[in-house]
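For reference, the structure discussed in these notes is given below.
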Amino acid sequence: MDVADLPGVPSWLPEHLQSAGIEALYPPQAEAVEAGVTRGENLVASIPTASGKTLIAQLAMLSAITDAAGASERERSDPETPPADGDGTALGGTALYIVPLRALASEKQAEFEEFEQYGLDVGVSTGNYESDGGWLADKDIVVATSEKVDSLVRNDAPWLDDLACVVSDEVHLVDDAERGPTLEVTLAKLRRINPDMQTVALSATIGNADVLAEWLDAELVDSDWRPISLKKGVHFGQALHLEDGSQSELPVRNSEKQTAAIVRDTLDDDGSTLVFVNSRRNAEAAAGRLASVTREALTPAEREQLADVAAEIRDVSDTETSDDLADAVADGAAFHHAGIASGHRELVEDAFRDRLLKVVSATPTLAAGVNTPSRRVVVRDWRRYDGTAGGMQPLSVLEVHQMMGRAGRPGLDPYGEAIIPAASHDELDELFDRYVWADPEPVQSKLAAEPALRTHLLATVASGFARSRDGLLEFLERTLYATQTDESGRLARVVDEVLGYLQRNDFLERDGEELSATSLGHTVSRLYLDPMSAAEIIDGLRSGGGSAANGDDASEEPAGFTTASDLADEAGGDEAKDPTAMGLYHLVARTPDMYELYLRSGDEEEYSQIAFEREAEFLGRMPSEFEDDRFEDWLAALKTARLLEDWASEVDEDEITDRYGVGPGDIRGKVESAQWLLGAAESLASELGLDAAPAIRRARTRVEHGVREELVDLAGVRGVGRKRARRLFDAGIESRADLRDAEKSVVLAALRGRAKTAENVLENAGHRDPSMDGIEPSEEVSYERSDSDGRASDGEEATDDQTSLGDF
DNA sequence: TGATAGAACCTTTAGACAGCATGTC
DNA sequence: CTAAAGGTTCTATCA
């Protein structure tokens, strides 16, 4: 189909597409148009990555929100659509594009911003970022994560009543046990609020796209067409066996690993390789080894550019991980996983897209995240450790196909190849059966599980979608779960159980048939907390510190109001003592909303010891050592809490990564979660009239900036992080006010003579004359740390956090 | 005696969404 | 109860 013949789209679109070099639609796109995407029809498109999903979404959104030249045609073909008011004016309504990851939100935003020249406004809304320049209600296209949309629904964002079109990207993730139900419920709610809204769902190729279409009353486009062909295959011995039956030689030299041989072979053809492995350590080790292969193939120019990237990587953070990454990058290889800093991730992704990096070894982050295609993909590890299953489990076909789908760069490669290395002849056959020939498994709703329903039932009642048990069950009829199952008994049973839980914890109340949220329930729902997290936090705040294992009170429910007066009080203040930062960090670390850190061998002993020493600080009941699982979880939370405490005590980043066996990216992740949960805890405290709120706020500000109490004020100045704040403080500048009328030479010295930085900081602090012209750093300032209390005598001298080493 | 390759043993294990408020010349 | 790779330490072998 030619783009000039598109029905129902804005008049400028065909020309716009042509100028971007798009003359004809890809076959699946044409199918989508024939199915009516541009005429407001619901659509499920189950097609491979990179086969033009974005354009389908754009066609749907643009035709839905603008009054196109083809409006009259639209009326003819779809008499149900109310006629547009006037001619040539926008129909109004917003299009919402739902993504599974924050990183994808910004990627999509960039893609949609090409329409801004036609007067369309694009906005982004995620938990950590909201596009500025106006209110979301004024946007024509909004990109958001599914959780953010859910949260917006809970908070009654008015513009959600005016949606013309919603596009759900990667909708096969409804299969995910943790996050799938959110997407499922949110789509159901949006469709109920906007009965005339167009729903478009984009999915990877899955086994049962027809069921999704049935659920969403949608037309179905189910295709495995790709713009560049993808050849899947298995490597064994000295040969590469492809799915088309061909075999080619791919020799493995002595003492060389299979993966290295494949990478070398790809390099001979001037291509790059993406290697998927099953653990972070494997990713890092593989990158180190493969660097010796890529090193040989670099041109001097590439070597130079890579050296620059390596330097930038070292600038991001000065941890061991950072060094290892930079070393590999200098040789043209890199690793990629969730433990590296986000700056690292971006640098690696960009350098790989620019074909500077010849190989990246990655965990599944890269398969799900932003677009990073490669000539060849190697799925080295097709089994992954799964504690709940007790051992290595094979990856799902869907997941392996998603990884394989990264092979082949549109417009750059003639084709893509995806290879799994086999260690034996039997394995070769098995891999062909299991992954090369196999179809992806069907997706299955995970809604009927307690954790999912806990949060969604409360939200559904709180935001008025249902007012009784029957109303809830009726609402749940709109979900995929109901479409997929005939027996309603299981769902009803879990619903009853969860309703009981929510009532016992005072989130919901029941008056005859009538079900309503308590004011606490409303708060919890709006805060986006798992009700179980809220219950834990409330219990902890109410019972205060030091309630050591007070017997086995058999009830699941918190005992509440434990008096702790008989315990030694090491935590400061006598009466009505404030919770300590450690107490609060531990409280939020043990909620289900915080991921647990893994306890390594030896950790159990170490943290039991700490638990004993600091017993008085912990809020709520400590499980006894005989409650095996619960005690272990409690200790894992203690490990997290201590990480947070270290961070908030200015312990160095590389010291923390070392001590807890985490990557720099993990620290950020934990800090972010803690910030969110402490914010929520503060709200709960005020809601319940507890006086812990100020202490919670202090603890939160400290993790936010990673500083001790005395630096909180300084670290609030933009451009001043934990390290600069400490240096300024040690130079006698102890607050924002001090900074405003500080002696400039002292500031300059404390910031290690960097005039540009100093000017910036002074300006941000509101200094009336920040100029550093002709100022010399004062010599009286010593860099010696004046450690007033406690630990953290860690070296602080090495580098500055925001600037590189070189310029001093 | 010292260097080195390889066996035997030990350790560890993917990912990542969310509140709220407010600044700033 | 289930695995496997990488890292570490110990041991055998050779110069």
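Reminder, nothing fancy here: chain letters follow the sequence lines and each chain counts from 1. Scope of the values below: all heavy atoms of this structure, side chains included, with no hydrogens, waters or symmetry mates.
Of the side-chain N and O atoms in R154(A), none sit less than 4.0 angstrom from OP1 or OP2 of dA18(B). Phosphate proximity of dA18(B) to R102(A): present, with a side-chain N or O under 4.0 Å from OP1 or OP2. For the pair S673(A) and dA18(B), the criterion of a side-chain N or O lying under 4.0 Å from OP1 or OP2 is not met. Between K148(A) and the phosphate of dG19(B), there is a side-chain N or O to OP1/OP2 separation shorter than 4.0 Å. Regarding contacts with the backbone of dT12(B), every side-chain N or O of S279(A) stays at 4.0 angstrom or more from both OP1 and OP2. Proximity of R380(A) to the phosphate of dG6(C): a side-chain N or O atom is located under 4.0 Å from OP1 or OP2.
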Once Watson-Crick and G-U wobble pairs under 3.5 Å are found, how is DNA chain C written in dot-bracket notation, 5' to 3', with | for any base paired to another strand?
..|||||||||||||

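Note on G669(A): nothing from the nucleic acid sits closer than 4.0 angstrom, heavy atoms only. Counting any heavy atom pair closer than 4.0 Å across all strands shown, D150(A) reaches no nucleic acid atom. Nucleic acid contact class of Y385(A) (heavy atoms, under 4.0 Å, all strands): base. E672(A) comes within 4.0 angstrom of nothing in the nucleic acid, heavy atoms only. Within 4.0 Å (heavy atoms only), A368(A) reaches no atom of the nucleic acid at all. Contacts of K670(A) with the nucleic acid, taken as non-hydrogen atoms under 4.0 Å apart, are absent. Looking at heavy-atom distances under 4.0 Å, R697(A) makes no contact with the nucleic acid at all. Among the heavy atoms of the strands lying under 4.0 Å from L101(A) are primed sugar atoms or P, OP1, OP2 only; no base atom is included. Residue R668(A) is classed as having no contact, given no heavy-atom separation below 4.0 Å to the nucleic acid.
Taking the ring pair (Phe, Tyr, Trp, His ring centres under 6.0 Å) definition, one finds that H586(A) meets it with F618(A), W634(A), sequence neighbours left out.
Of the P atoms belonging to dA4(C) and dC17(B), the separation is 32 Å, rounded to the nearest Å.
In this structure, the CD atom of Q258(A) is 15 Å from the C1' atom of dA4(C), given to the nearest Å. Atom C1' of nucleotide dA4(C) and atom CG of D381(A) are separated by 9 Å, given to the nearest angstrom. With rounding to whole Å, L529(A) atom CG is found 8 Å from dG19(B) atom C1'.
With DNA chain B read from its 5' end, the first of the two nearest nucleotides for R280(A) and L678(A) is the one closest to R280(A). Both D593(A) and R281(A) sit near DNA chain B, but only R281(A) has its closest nucleotide nearer the 5' end.
Of the nucleotides present, none pairs with dC17(B) by Watson-Crick or G-U wobble criteria with both distances under 3.5 Å.
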Using a 4.0 Å heavy-atom cut-off to protein, can you give one letter per nucleotide of nucleotides 20-25 of chain B, 5' to 3': B if the base is in contact, S if only the sugar-phosphate is, - if neither?
S---S-

